[in-house]
Amino acid sequence: MFVRALEIVGGYTRPVFTIARRYNTSDIEPATATIFFINDDGWAVTTKHIAQMILESARVDSEYNAFRKEKEAIPPEANYEDELKVLETKYRFGPNSMAQMKVNFFDCVDNLTGFEVKISRKYDLAALHLEGFNQTHYQGHAVFQENLDMVKPGKFLCRVGYPFAEFQNYNYDPESDDIKWTGGGHKHSSRFPAEGMLSRLVAGAEGIIGIELTSPAMLGLNGAPLFDETGLVYGMQVGMNKAHLTQCIHVNLIREFLDHENIPYETMVQEDMWSRIFAASKKEI
């Protein structure tokens, strides 16, 4: 049912890989998140908490670099243990403190010099703009459902993302006391689709804000696009409710947020999407 749609949506859905290390350990904690691109200019959509994690990684890494620089500058004649405790207090490093966190926007663009983040004040929603690239590595971009009457209970929909941290291209360098991405090791993680029936529309103070699915949620799929059998996007997974059912943000809120931030995107009705798929299939023959 979703075979062709997965090919389309998979082209512009990408993982964000993170590696992290806690203070005074060499153990690395890998994790994944999902983003999907909504135009050809490097703009992607994800959840607010994923965007905040990406921003937090830069702060964490910067603070540890400053701490490490001061630690290396402790003079030989000083009491090293006492000076170290002063620095640990200054930088708030304890046994379980996060010391380092690094992010890898995997297979998104050919070159990345920075990124811009726009975060919704009301909803678990954010937009990322990758900067400094010459060529994109993702194919196509999301097309949002234009006909909101199609977003109703009984519709079967699918999500696709990267819940499994299978990549292994990282290590800890004890000489530099640093975690690093490496050229070797397994660099990929599996793409995972999950379907479910739209069970109800979730209302808020301003109207319909969410979509609930009958299937259980995998937290690693947060940020994944929610789409139909043509590949039209109906929303994005943001989490689970108390019954562990999948919760998605409604396509209309995504579109309103992008309009507010003046970020271009594309919409289409299902009939036109079928025509686009048919035309593409004829070219492949």
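The model shown is predicted, which means the values in this text are computed figures rather than measured ones.
Annotation: the span from Thr246 atom OG1 to Leu157 atom CG amounts to 11.0 Å, rounded to 0.5 Å. Atom SG in Cys158 sits 10.0 Å away from atom CG in Leu213 (nearest 0.5 Å). Rounded to the nearest 0.5 Å, atoms CG (Leu253) and SG (Cys248) are 12.0 Å apart. The distance from atom CG of Asp110 to atom CG of Asn134, rounded to the nearest 0.5 Å, is 5.0 Å. The structure places CG of Leu125 at 11.0 Å from CD1 of Ile50, a figure rounded to the nearest 0.5 Å. Taken to the nearest 0.5 Å, the CG atom of Asp178 stands 5.5 Å off from the NZ atom of Lys180.
For the ring-ring contact (aromatic ring centres under 6.0 Å, His included) condition, the pairs that include at least one residue of residues 64-107, sequence neighbours left out, are Phe17-Phe106, Tyr23-Phe67, Tyr23-Phe93, Tyr64-Phe67, Tyr64-Phe93, Phe67-Tyr91, Phe67-Phe93, Phe105-Phe115, Phe106-His188.
When atom types are taken as modelled, the side chain of Asn169 and the backbone of Gly185 share no donor-acceptor pair closer than 3.5 angstrom. Counting only distance, with no hydrogens or angles, the side chain of Thr113 and the backbone of Glu131 share a donor-acceptor pair below 3.5 Å. A donor-acceptor contact shorter than 3.5 Å links the side chain of Asn111 to the backbone of Gly132. In this structure, the side chain of His129 engages the main chain of Asp41 through a donor-acceptor pair within 3.5 Å. At least one donor-acceptor pair under 3.5 Å links the side chain of Gln139 to the backbone N or O of His137.
Here the options are Val45, Leu226, Asp124, the test is side-chain contact (heavy atoms from CB on, under 4.5 Å), and the partner is Met236; only Val45 passes. For the ring-ring contact (aromatic ring centres under 6.0 Å, His included) criterion with Tyr138, the lone passing option out of Tyr12, Phe133, Phe37, Phe36 is Phe37.
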- request: Go through the steps for Phe167 and Ile19 under the test side chain to side chain contact (heavy atoms under 4.5 Å, CB included), then give the verdict.
  value: CA-CA 10 Å; Phe167 60 95; Ile19 51 176; 3.9 Å; yes

- request: Step by step, work out the side-chain hydrogen bond (donor to acceptor under 3.5 Å, both in side chains) result for Glu212 and Ser199.
  value: CA-CA 6 Å; Glu212 179 189 84; Ser199 54; 2.7 Å; yes

task: Verify side chain to side chain contact (heavy atoms under 4.5 Å, CB included) between Gln237 and Gln247, making sure each step is shown before the conclusion.
output: CA-CA 6 Å; Gln237 179 175 312; Gln247 295 292 296; over 6 Å; no

task: Check the pair Ser189 / Glu166 against side-chain hydrogen bond (donor to acceptor under 3.5 Å, both in side chains), numbers first and verdict last.
output: CA-CA 5 Å; Ser189 285; Glu166 298 169 326; 4.6 Å; no

field: CA sep, side-chain torsions, deciding dist, call: Glu81, Glu83, side chain to side chain contact (heavy atoms under 4.5 Å, CB included)
entry: CA-CA 6 Å; Glu81 295 299 325; Glu83 294 295 325; over 6 Å; no

- prompt: For Thr32 and Val16, what are the C-alpha separation, side-chain angles and deciding distance, and is it a side chain to side chain contact (heavy atoms under 4.5 Å, CB included)?
  reply: CA-CA 6 Å; Thr32 61; Val16 176; over 6 Å; no

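For the pair Glu29 and Arg22, the salt-bridge criterion is met [side-chain N within less than 4.0 Å of a carboxylate O]. Between Arg59 and Glu63 there is a salt bridge, with a side-chain nitrogen of the basic residue lying less than 4.0 Å from a carboxylate oxygen of the acidic one. Between Arg121 and Glu261 there is no salt bridge, since no side-chain N of the basic residue sits under 4.0 Å from a carboxylate O of the acidic one. The pair Glu72-Lys69 fails the salt-bridge criterion, with no side-chain N (NZ, NE, NH1 or NH2) lying under 4.0 Å from an Asp/Glu carboxylate O. Ion pair Lys122/Glu256 not flagged as a salt bridge, since none of the NZ, NE, NH1 or NH2 atoms sits closer than 4.0 Å to an Asp/Glu carboxylate oxygen. With salt bridges taken as basic N to acidic carboxylate O contacts below 4.0 Å, none links Arg68 and Glu70. Under a 4.0 Å N-O distance rule, the pair Asp107/Arg14 qualifies as a salt bridge. We find that Asp27 and Arg21 are not joined by a salt bridge, their nearest charged nitrogen and carboxylate oxygen being 4.0 Å or further apart.
Looking only at side-chain heavy atoms (C-beta outward), Val269 and Met273 stay at 4.5 Å or farther from each other. Residues Glu266 and His141 have side chains in contact (heavy-atom distance under 4.5 Å, counting atoms from C-beta outward). You'll find the side chain of Arg191 reaches within 4.5 Å of the side chain of Val160, heavy atoms only. Residues Ile35 and Cys108 have side chains in contact (heavy-atom distance under 4.5 Å, counting atoms from C-beta outward). Residues Asp177 and Tyr172 form a side-chain contact, since some pair of their non-hydrogen atoms from C-beta on lies under 4.5 Å apart. Counting heavy atoms from C-beta on, the side chains of Met101 and Asp61 never come closer than 4.5 Å. Within the 4.5 Å cutoff, side-chain heavy atoms of Val151 are placed close to those of Leu201. In this structure the side chain of Leu128 never reaches within 4.5 angstrom of the side chain of Trp43, judged on heavy atoms.
Between the side chains of Ser215 and Glu195, no donor N or O sits under 3.5 Å from an acceptor N or O. When only modelled atom types and interatomic distance are considered, Asn65 and Ser62 share no side-chain donor-acceptor pair under 3.5 Å.
Within 6.0 Å of atom NZ in Lys118, more than 12 heavy atoms from other residues, nucleotides or ligands are found, so the atom counts as buried in its surroundings. Atom NE2 of His186 has more than 12 heavy atoms from other residues, nucleotides or ligands within 6.0 Å.
Residues Leu55 and Val238 are members of one and the same hydrophobic cluster, defined by side-chain heavy-atom contacts under 4.5 angstrom among Ile, Leu, Val, Met, Phe, Trp and Tyr. A single hydrophobic cluster is not seen to contain both Ile74 and Val86; linkage of ILVMFWY side chains at heavy-atom distances under 4.5 Å, directly or through other members, places them apart. Leu148 and Phe257 fall within a single hydrophobic cluster, where Ile, Leu, Val, Met, Phe, Trp and Tyr are joined by side-chain heavy atoms under 4.5 Å apart, directly or via other members.
Every residue was checked against the side chain to side chain contact (heavy atoms under 4.5 Å, CB included) condition with Lys152, not counting sequence neighbours, and none meets it. Under the side chain to side chain contact (heavy atoms under 4.5 Å, CB included) criterion, Ser275 pairs with no residue, sequence neighbours left out.
Annotation for Gln145 and Met268: closest pair OE1-O, 3.5 Å, computed over non-hydrogen atoms. The minimum heavy-atom distance linking Arg92 with Ser97 is given by the pair O-OG, 3.3 Å. Nearest heavy-atom pair across Ile179 and Lys102 is O-CE, 2.6 Å. What you find for Asp228 and Ala5 is that their closest heavy atoms are O-CB, 3.4 Å. Across all their heavy atoms, Val103 and Thr18 have their closest contact at CG2-CG2, 3.9 Å. Closest approach of Arg159 to Leu221, counting heavy atoms only: NH1-CD1, 4.0 Å.
Checked against the 6.0 Å centroid criterion, the rings of Tyr162 and Phe192 do not qualify as a close aromatic pair.
By the 30° and 60° cut-offs, the orientation of the rings of Phe227 relative to Phe2 is perpendicular.
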